Number of protein chains: 2
Amino acid sequence: MVGKVSERREALRQTLVEVAESMVAHEGLSALRARDVAKEAGCALGAIYLHFPDMDALAAAVNARTLQRLEGEVAEAFEAAQARDNPKRALATLGTTYAQFVWENPKLWSAIFELGFRQGEAAEPPQSPEHFRLLAAIVAPLRALLPDGDPAVIEAHARALFSAVHGIVSLSQQRRFMAVERDQVAGEISFIVNAFCDGVSASK
Amino acid sequence: MVGKVSERREALRQTLVEVAESMVAHEGLSALRARDVAKEAGCALGAIYLHFPDMDALAAAVNARTLQRLEGEVAEAFEAAQARDNPKRALATLGTTYAQFVWENPKLWSAIFELGFRQGEAAEPPQSPEHFRLLAAIVAPLRALLPDGDPAVIEAHARALFSAVHGIVSLSQQRRFMAVERDQVAGEISFIVNAFCDGVSASK
DNA sequence: ACCAGATATTGAACGACGTTCATATTTATA
DNA sequence: TATAAATATGAACGTCGTTCAATATCTGGT
């Protein structure tokens, strides 16, 4: 009728992910219900399971999209801010862009970790192009600060720096534990990034 | 029969929390089932709701215990490592002790954030004695590094430093996103703590 | 010691959920 | 068009958290 079978199959898969993404973005991961998704996507309840083994897999598809957007946006802003002679400033952009993304997409971002906790440890590290792009964007200015550094060490530092920024943003957004006040986040991120850079330079 | 009513009431409440804690510690928060708790605690299903408004409240009681233990242990190791003339070393102990607690109690620790995500933003900041003790333990060496610093700024730095360590440990334990490899965590925590301290000193 | 009235406890029943699978429908092939 | 294969359906199932009418227990006045 409307097209080839494989096309309609793929179209429904896309629709399911988009519907699910909208629900997670507006109501949170816990509001992602199979019956609601089916109704909104205009298919039968069981049809979801022709495209995804279970609801967690659908949620994972939503999370993969979010992660790609996040990594893409951060890497982009990061690269745009690359002043060749100012790696500190470039790295500070990492933090503020990450924080901004989290504030603009709090429930999509939460869903990534909510599902992660539910599924325990990840079996394999992320391997998307966006992920490598983001990692490379952090490694580049670190290499400028530490020209003779072991690449493996520099990558470990890059991961640690990103994780540190993630920790500040994460606890602040949840307002739990040892959270930094919201209006102090940007300042503290700059502070820690600058100190980190100075530490990198000094260890050379 | 066995004692006054109020005593038995309180005893059952304790039993419920202990049973729930054991379940979360061994099987994770998602394995905390009302019927299992009731059976294990030797009470009726409905009896749980005489002590807690819902299962999330029982989980929250477990989490409060975990958080107290965590904050207590970290603060203790932290204070024990206080070499008056070596605030860097003292602060590095913060990170390693936190990481060790997470590795020894992965599911109890996960439950704190799993429930947190489920319940959205916290309404009020934590106020337990252990929390203030931990905060004070971090503030003290920072004040040594920054004797004339504004107390509010120092507290913000303390929260940011803890959050940064939390981010490194958290992503590493989940093995997700930009996780630091497990055997590099201690080194990266030391690195970031040292750089942070140098940054604090330099900003004076 | 007895017995109401108050209080505490029980567990069957309810509704919502993810998931399954016998059935119905649509599509591809001859 | 006839027939087999592939695809979609949604009622039904089992498992949750939660409720509440029914039951058991306790308490204080006689």
Side-chain angles (χ1 to χ4, degrees), chain A residues 1-24 26-63 111 114-120, chain B residues 1-17 19-24 26-63 107 111 114-120:
Chain A
M1 293 293 166
V2 288
K4 294 215 296 198
V5 174
S6 59
E7 283 172 6
R8 292 200 299 131
R9 259 191 77 88
E10 194 51 38
L12 179 54
R13 204 195 132 90
Q14 277 294 326
T15 302
L16 286 171
V17 175
E18 279 161 19
V19 165
E21 182 175 51
S22 168
M23 284 176 173
V24 173
H26 290 98
E27 311 281 348
L29 181 60
S30 63
L32 186 66
R33 276 174 254 285
R35 284 168 180 79
D36 293 344
V37 170
K39 180 174 289 185
E40 195 75 24
C43 69
L45 180 56
I48 296 171
Y49 295 88
L50 301 174
H51 298 271
F52 299 94
D54 52 37
M55 288 298 287
D56 274 12
L58 177 55
V62 171
N63 286 348
E114 205 167 334
L115 187 67
F117 277 121
R118 207 151 77 197
Q119 297 183 330
Chain B
M1 295 297 159
V2 288
K4 294 217 295 197
V5 174
S6 60
E7 284 173 5
R8 291 198 299 132
R9 263 190 75 90
E10 193 51 38
L12 178 54
R13 204 195 135 90
Q14 277 294 325
T15 302
L16 286 171
V17 175
V19 165
E21 182 175 51
S22 169
M23 285 176 173
V24 173
H26 290 99
E27 312 281 349
L29 182 61
S30 62
L32 186 66
R33 277 174 253 287
R35 284 167 179 79
D36 294 344
V37 171
K39 181 174 289 185
E40 195 76 23
C43 70
L45 180 57
I48 295 170
Y49 296 88
L50 300 173
H51 298 272
F52 299 94
D54 52 38
M55 288 300 287
D56 274 11
L58 176 56
V62 171
N63 286 348
K107 296 188 171 167
E114 205 168 333
L115 186 67
F117 277 122
R118 207 151 76 200
Q119 299 184 330

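What's counted below: heavy atoms across the whole structure, side chains too, no hydrogens, waters or symmetry copies. Keep in mind that this is a model prediction, so the values were computed, not measured. By convention in this document, chain letters (A, B, ...) are assigned in the order of the sequence lines, proteins followed by strands, and residues within each chain are numbered from 1.
Side-chain contact between Cys43(B) and Leu16(B): present, with at least one pair of heavy atoms (C-beta onward) separated by less than 4.5 Å.
Between Val24(A) and Ala111(A), the closest heavy-atom pair is CG1-CB, 3.6 Å. The heavy-atom pair separating Arg118(A) from Glu114(B) by the smallest distance is CA-OE2, 4.3 Å.
Counting non-hydrogen atoms of neighbouring residues, nucleotides and ligands closer than 6.0 angstrom, the CD atom of Glu40(A) reaches no more than 12 such neighbours.
We find that OH of Tyr49(B) is positioned 6 Å from P of dG17(D), with the value rounded to whole Å. The nearest whole Å value for the distance from the NZ atom in Lys39(B) to the C1' atom in dT15(D) is 14 Å. For the pair Asp54(B) CG and dC20(D) P, the computed distance is 15 Å after rounding to whole Å. Between Leu50(A) atom CG and dC21(C) atom P there is a gap of 13 Å when expressed in whole angstrom units. Distance, His51(B) NE2 to dA8(C) C1': 9 Å, rounded to whole Å. Atom CG in Leu16(A) sits roughly 11 Å away from atom P in dA8(D) (whole-Å rounding). Per the geometry, CG belonging to Asp36(B) stands 14 Å off P belonging to dT18(D), to the nearest Å. Nucleotide dC16(D) holds its P atom 11 Å from the CE atom of Met55(B), rounded to whole Å.
For Leu45(B), taking side-chain heavy atoms from C-beta onward, the closest of the listed nucleotides dA13(C), dT9(D), dT10(C) is dA13(C). Among dG11(C), dA13(C), dT9(D), the nucleotide with an atom closest to any side-chain atom of Ala44(A) is dT9(D).
As judged by a 4.0 angstrom heavy-atom cut-off over every strand, Leu58(A) is placed among residues making no nucleic acid contact.
In terms of polar N and O atoms assigned as donor or acceptor, the side chain of Arg33(B) never comes within less than 3.5 Å of the base of dG17(D) in a complementary pairing.
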